[in-house]
Amino acid sequence: MPTFEAARSMILASVSPLGVERVDLLSALGRVVAEDVAAPWDMPFYDNSAMDGFAVRAADCRAGGSLRVTGYIPAGGTATPAIGPGCAVRIMTGAPVPPGGDAVVPVEETEQRGDAVLLNEKVSPRQHIRYRGEDVRCGDTVVRAGTVIHPPEISMLASFGKAIVPVYRRARVAVLSTGDELIELGEQPAGGKIINSNALSLAAALREIGAEPVILGIARDSRESHREKMAEGLKADALITSAGVSAGDRDLVRDCLAEIGVDQLFWKVDIKPGGPTAFGMKEGKPVFSLPGNPVSTMITFEEFVRPGILKMMGHRGVIKPYVKATLRDEVRKKPGKVHFLRVKIEVENGVNWATTAGDQNTGILGTMLRANGIAVLQKDKTVFSRGEEVAVHLLRSDVGMLEE
Ligand code: AMP
Ligand code: MG
């Protein structure tokens with residue numbers, strides 16, 4: 001039985017990035033750039049004013065002196081003609097600095113007297129000018145392959161006219177639920193039936209990381225039904241199954257995967273919940289077999305599937321960093337397994353406090369909703385004292401402080 005980390009490493013060693021496609025710039029948000037992108041020109045493209053004021057020749061200026069205003073250049077204007085000796089040109093932010101100009105005097109540091117301008121302060125050469133190429137030089141790499149596109153990357157790429165961007169493909173991931181007890185959303189539960197909620201939570205989790213879920217529906221507890229649906233699932237880039245992976249006599253997932261040629265890399269991990277998780281590969285495609293209990297399904301998605309699918313979509317930093325949090329109360333567990341404790345993290349005076357989010361029984365779905373993190377408790381430790389720091393994977397980015 002692999003350890004938690006070894007199991008995750010096996011998954012990451014088995015999968016590789018899918019192909020590359022070219023998408024329009026805004027659609028590239030959240031995607032990973034597949035090739036270095038170089039600047040096709042200098043930025044700024046021309047020397048321009050950083051302030052509304054007057055373009056001047058610094059050598060002609062002294063505090064208390066005055067210059068003759070001979071022209072006006074608005075933003076979007078052209079920088080002609082040159083500034084003559086003892087002259088100034090009124091200029092707006094972003095407008096090109098005319099030839100001869102080597103400083104801009106902000107309007108706030110001047111007084112206008114007819115066609116003359118009085119300088120109230122000393123003027124240094126180069127002040128308030130943004131010089132050509134000072135931000136980016138033509139040919140520089142502005143966005144490296146492997147970068148996740150966020151608004152700053154969008155801004156940079158847009159500034160260079162990059163309307164189409166090469167990014168790694170989204171993974172299409174098939175989601176298969178298994179079990180005779182399942183009915184679909186919209187049907188009325190009665191006598192031993194439960195709604196196939198895992199299909200929805202897995203599809204949602206896939207969407208959250210930018211993958212495309214393909215919901216296959218329910219495989220019934222027969223080998224034919226399992227094999228047929230699994231074969232269909234393997235047309236996608238990856239397959240996730242839920243339930244039917246423990247040791248019950250109706251747990252057909254692993255057998256049926258083997259029958260259709262999926263090589264099992266592991267079954268069972270030293271974790272709780274999620275112990276029966278299995279992982280296999282067929283012709284370069286990963287198959288994640290998650291336990292069926294909705295809490296276990298979501299936690300094993302977070303800890304195993306998420307990093308694997310992110311890697312397939314070109315992401316490099318696929319393992320979430322741990323955040324340190326201080327336990328408000330003592331937590332005890334048995335040795336031998338890593339425990340995923342659903343916790344609520346609250347920030348007080350710069351300290352992350354972790355409280356248990358409620359009953360940790362995997363049957364309690366409500367605890368998952370009250371949690372915003374998973375504390376990963378080491379395998380062989382049994383007592384985690386009040387005030388001790390634990391390592392937490394944050395689950396939600398939409399938590400913030402309320403204004404009083
Ligand atoms: P199993 O792994 O087949 O023993 O299932 C474990 C538990 O998860 C059982 O209580 C199932 O009813 C439940 N379960 C299995 N599949 C789903 C599903 N698709 N949606 C919600 N609960 C499920
Ligand atoms: Mg079952």
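All heavy atoms count here, side chains included; hydrogens, waters and symmetry mates do not. Nothing here was measured: the structure is a model prediction, and the numbers come from that model. Read the numbers this way: they start at 1 and go in the same order the structure lists the ligands and their atoms.
- Under the 4.0 angstrom criterion for non-hydrogen atoms, A199 is not in contact with ligand 1.
- Close approach to S197 involves these atoms of ligand 1, each under 4.0 Å from a residue heavy atom: 20 (N), 21 (C).
- A ring-centre distance under 6.0 Å is not found for F45 and F160.
- Within the set G292, G192, P291, the minimum heavy-atom distance to atom 13 (C) of ligand 1 is found for G292.
- In I218, neither the side chain nor the backbone holds a heavy atom less than 4.0 Å from any atom of ligand 1.
- In terms of heavy-atom proximity, M92 sits nearest to A75 at CB-N, 3.8 Å.
- Those atoms of ligand 1 that come under 4.0 Å of a heavy atom in N293, given as number and element, are 6 (C), 7 (C), 8 (O).
- Interface atoms of ligand 1 facing N196, defined by a heavy-atom separation under 4.0 Å, are 18 (C), 19 (N), 20 (N).
- Electrostatic pairing of R170 and D237 does not count as a salt bridge here, judged by no charged N lying under 4.0 Å from a carboxylate O.
- Taking the side chain as every heavy atom from C-beta outward, D42 and R137 approach each other to under 4.5 Å.
- Ion pairing between a basic and an acidic side chain is recognised when a charged N comes within 4.0 Å of a carboxylate O; K344 and E346 show such pairing.
- Residues R250 and D180 are paired through a salt bridge, judged by an N-O separation under 4.0 Å between the basic side chain and the carboxylate.
- Figure legend: R8 and F4 shown as a cation-pi pair, the cationic atom lying under 6.0 angstrom from the six-membered ring centre and within 45 degrees of its axis.
- The distance from ligand 1 to the heavy atoms of S177 drops below 4.0 Å at these ligand atoms: 19 (N).
- Close approach of ligand 1 to P294 is summarised as follows: ligand atoms under 4.0 Å from at least one heavy atom of the residue are 21 (C), 22 (N).
- For ligand 1, the atoms sitting less than 4.0 Å from at least one non-hydrogen atom of I195 are 20 (N), 21 (C), numbered in the order shown with element in parentheses.
- If you look at I194 next to ligand 1, the close heavy atoms, those under 4.0 Å, all belong to the side chain.
- For atom 20 (N) of ligand 1, the candidate residues are T178, N198, D251, I183; the nearest heavy-atom contact is made by N198.
- In this structure, G248 does not count as a contact residue of ligand 1, since none of its heavy atoms falls inside 4.0 Å of the ligand.
- The N/O atoms of A243, backbone and side chain alike, include none that comes under 3.5 Å of an N/O atom in ligand 1.
- For K379 and D270, the salt-bridge test passes: some basic side-chain N is under 4.0 Å from an acidic carboxylate O.
- A cation-pi arrangement is present between K381 and F384 under the rule of less than 6.0 angstrom and at most 45 degrees off the ring axis.
- In E181, the part holding a heavy atom less than 4.0 Å from any atom of ligand 1 is the side chain.
- The six-membered or imidazole ring of F301 lies away from that of F288, with a centre-to-centre distance of 6.0 Å or more.
- Note on ligand 1: G244 sits in its first shell, one or more heavy atoms being nearer than 4.0 Å.
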